[in-house]
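FYI, side chains are in, hydrogens and waters are out, and symmetry mates aren't considered; it's all heavy atoms of this structure.
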Amino acid sequence: ARPRVVVVGGGSGGATAARYIAKDSQGAIDVTLVEPSREYYTCYFSNLYLGGFRELDSLAHGYGTLASEYGINVVHDWAVGVDREARTVSLAGGATLPYDRLILSPGIDFVDGAVPGWDLSAQDVMPHAYKAGTQTALLKAQVQAMPEGGVFAMVAPPNPYRCPPGPYERVSMVAHMLKANNPTAKILIVDPKESFSKQGLFEEGWQKHYTGMIDRIGPDFGATNVEVRPDTMEVLIDGVAEKVDVCNVIPAQKAGRICELAGITDGNWAPVIPHTMQSRIDENIHVLGDASAQGDMPKSGFSANSQAKVAAMAVRGALTGSQVFPARFSNTCWSLIATDDGVKVGASYEATDEKIASVEGFVSQTGEDAALRKQTYEESIGWYNGIVADMFG
Ligand code: FAD
């Protein structure tokens with residue numbers, strides 16, 4: 001019988017891993033991909049949709065080619081349990097899938113109680129929009145419905161979280177939309193972190209494009225003591241209530257719950273061996289992307305895709321004896337600040353026994369000219385088209 005690989009999560013890490021294992025093993029490995037959604041909405045470029053630069057439909061991708069072209073068994077269901085002794089995954093629909101290797105790339109879930117007053121039952125009033133699709137559409141509709149001169153608040157997450165520049169690109173895109181439609185509106189960021197990704201670049205851009213519109217309250221002014229009241233649309237900062245019109249709550253994060261259920265987490269995340277992305281707790285399980293604790297790489301789609309290729313090579317090596325090369329990883333995070341004003345930060349990485357370690361990095365500079373910023377934005381469009389093709393075929 002062919003060796004069996006089950007992949008849980010059809011996102012940046014999981015879809016890539018499934019496709020590479022199926023493609024490169026040419027049928028020698030039986031690959032099953034478990035994913036509840038029939039359409040995956042990328043979080044990448046979801047902020048651009050908020051800013052009016054993309055249509056929501058352009059973020060949606062289906063699994064048809066993975067099934068028809070690569071022979072992957074795509075199962076639309078939730079994984080609800082892992083029996084590590086028996087090496088099986090159980091699904092909400094009742095099926096049990098046996099595996100020789102299991103790949104978990106479930107993304108994030110939110111830490112319970114991270115923002116007092118908020119839980120998942122409040123997401124229709126105070127959306128997180130940190131998993132893309134209906135949440136993103138809701139947030140955009142709320143911004144569009146803001147009264148003239150209204151207040152958009154964001155409760156930013158503590159480290160580590162999915163997409164370090166994501167909240168700040170979002171603020172830029174919301175500001176871009178408000179500047180055109182509601183120029184006296186204000187944006188308030190309540191941020192528990194001292195500093196954030198590409199801060200100098202964002203602050204320069206906000207000053208230039210959205211003067212006087214954006215206020216950020218950091219930990220020195222009470223942002224570590226924040227509470228929300230969805231029923232009255234209030235944010236309490238150090239006990240002082242502020243009435244707002246939109247409140248985007250991005251809570252603290254942890255590995256997708258299936259990692260906990262599989263018993264492979266240590267704290268909030270699932271530690272992995274950098275050379276192969278194998279769980280440090282169970283060598284038959286590989287963990288990719290946001291859910292993994294791997295070292296220096298940011299939690300990004302680019303990172304998850306890069307890690308997936310390393311894991312795919314390791315899995316094929318283990319199951320079919322194919323050659324395995326030393327692990328190399330890379331990442332770039334692009335952000336759009338305003339029309340044609342793109343910035344980026346990135347690095348290459350290698351595997352050490354201890355962690356995925358950064359080798360060499362680069363970052364956009366303040367004061368760059370418009371032509372370079374436009375080129376950086378265009379690069380990001382090329383990257384988007386490339387990664388979705390790499391994931392979905
Ligand atoms: P995901 O891509 O989220 O995939 C997880 C999948 O697992 C989901 O489809 C989910 O339905 C499924 N799943 C979860 N639990 C189960 C279960 N029990 N059973 C079955 N399926 C399950 N990254 C970039 O590289 N560039 C960017 O520009 C960028 N911009 C971003 C902007 C925003 C606003 C946000 C929020 C994120 C952004 N990211 C960006 C980050 C990127 O989206 C994530 O880091 C990346 O998607 C992580 O990949 P993953 O495979 O870990 O998880």
Side-chain angles (χ1 to χ4, degrees), residues 1-22 24-25 29-36 72-75 77-92 95-109 253-295 297 299 303-322 324 327 329 351 353-356:
R2 294 186 296 165
R4 282 177 292 213
V5 172
V6 173
V7 181
V8 172
S12 315
T16 307
R19 179 167 166 272
Y20 271 76
I21 293 169
D24 293 344
S25 74
I29 297 176
D30 180 74
V31 182
T32 299
L33 177 63
V34 183
E35 162 63 52
I72 296 168
N73 315 307
V74 180
V75 178
D77 203 344
W78 287 95
V80 293
V82 176
D83 183 334
R84 295 202 272 118
E85 286 285 304
R87 282 197 259 141
T88 57
V89 177
S90 49
L91 305 185
T96 302
L97 303 174
Y99 64 81
D100 296 294
R101 286 292 169 106
L102 173 62
I103 296 179
L104 299 180
S105 194
I108 52 155
D109 274 313
Q253 296 159 27
K254 62 180 184 180
R257 189 157 152 65
I258 191 67
C259 292
E260 268 167 51
L261 295 172
I264 55 158
T265 51
D266 178 8
N268 285 340
W269 308 101
V272 295
I273 298 165
H275 303 283
T276 56
M277 301 303 292
Q278 274 163 300
S279 161
R280 288 199 188 268
I281 294 165
D282 185 333
E283 62 177 15
N284 296 316
I285 302 180
H286 300 246
V287 187
L288 307 179
D290 294 353
S292 66
Q294 37 70 23
M297 296 187 87
K299 297 184 186 300
S303 297
N305 171 263
S306 180
Q307 293 159 10
K309 294 176 198 177
V310 166
M313 184 171 59
V315 166
R316 286 197 305 112
L319 298 181
T320 67
S322 66
V324 178
F329 307 85
D353 292 343
E354 181 211 345
K355 64 173 186 174
I356 297 182

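- The side chain to side chain contact (heavy atoms under 4.5 Å, CB included) check on R4 picks up D30, P98, D100, with sequence neighbours excluded.
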Please tabulate, for the side chains in residues 258-267, all donor-acceptor contacts under 3.5 angstrom to protein atoms that are two or more places apart in sequence or on a different chain.
residue, atom, partner, partner atom, Å
E260, OE1, R257, NH1, 3.2
E260, OE2, K254, NZ, 3.2

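- Between the CD1 atom of I29 and the CG atom of D24 there is a distance of 9.5 Å, given to the nearest 0.5 Å.
- Rounded to the nearest 0.5 Å, atoms OH (Y99) and CD1 (I285) are 4.0 Å apart.
- In this view, S90 satisfies the side-chain hydrogen bond (donor to acceptor under 3.5 Å, both in side chains) rule with no residue, not counting sequence neighbours.
- Applying the salt bridge (charged side-chain N to carboxylate O under 4.0 Å, His left out) test to every pair with at least one member in residues 5-19, sequence neighbours left out, gives these pairs: R19-D390.
- Residues passing the side chain to side chain contact (heavy atoms under 4.5 Å, CB included) test with T96 are T88, sequence neighbours excluded.
- A318 meets the side chain to side chain contact (heavy atoms under 4.5 Å, CB included) test with R101; sequence neighbours excluded.
- Annotation for A327 and H275: closest pair CB-O, 3.7 Å, computed over non-hydrogen atoms.
- When all heavy atoms are compared, the tightest approach of A293 to W269 is CB-CB, 3.8 Å.
- For the side-chain contact (heavy atoms from CB on, under 4.5 Å) test with V315, the passing option among Q278, M277, H286 is H286; the others fail.
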Residues 10-17 side chain polar contacts: donor-acceptor under 3.5 Å, at least two apart:
residue, atom, partner, partner atom, Å
S12, OG, Y40, OH, 3.4
S12, OG, Y44, OH, 2.7
T16, OG1, S12, O, 2.6
T16, OG1, N305, ND2, 3.1

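- Taking both residues in full, the closest heavy atoms of V310 and F329 are given as CG2-CE2, 3.5 Å, listed atom of the first, atom of the second, then distance.
- With sequence neighbours excluded, the residues forming a side chain to side chain contact (heavy atoms under 4.5 Å, CB included) with E35 are S37, Y63, listed by chain and number.
- With values rounded to the nearest 0.5 angstrom, E85 atom CD is found 10.0 Å from R87 atom CZ.
- To the nearest 0.5 angstrom, L91 atom CG is 4.5 Å from L97 atom CG.
- When the side-chain hydrogen bond (donor to acceptor under 3.5 Å, both in side chains) test is applied to T320, no partner is found at least two apart in sequence or on another chain.
- The salt bridge (charged side-chain N to carboxylate O under 4.0 Å, His left out) analysis of residues 270-284, with sequence neighbours excluded, yields the pairs R84-D282.
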Any chance you could lay out the side chain to side chain contact (heavy atoms under 4.5 Å, CB included) test for T276 and V324, step after step, and finish with the verdict? CA-CA 10 Å; T276 56; V324 178; over 6 Å; no
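- Donor-acceptor pairing under 3.5 Å is lacking for the side chains of S292 and Q294.
- L288 contributes atom CG, which lies 12.5 Å from atom NZ of K309 (distance to the nearest 0.5 angstrom).
- Minimum interatomic distance between A312 and Y20 (heavy atoms only, all atoms of both residues): CB-CB, 3.8 Å.
- Taking both residues in full, the closest heavy atoms of D109 and G256 are given as OD2-CA, 3.5 Å, listed atom of the first, atom of the second, then distance.
- Between V34 and V89, every side-chain heavy-atom pair lies at or beyond the 4.5 Å cut-off.
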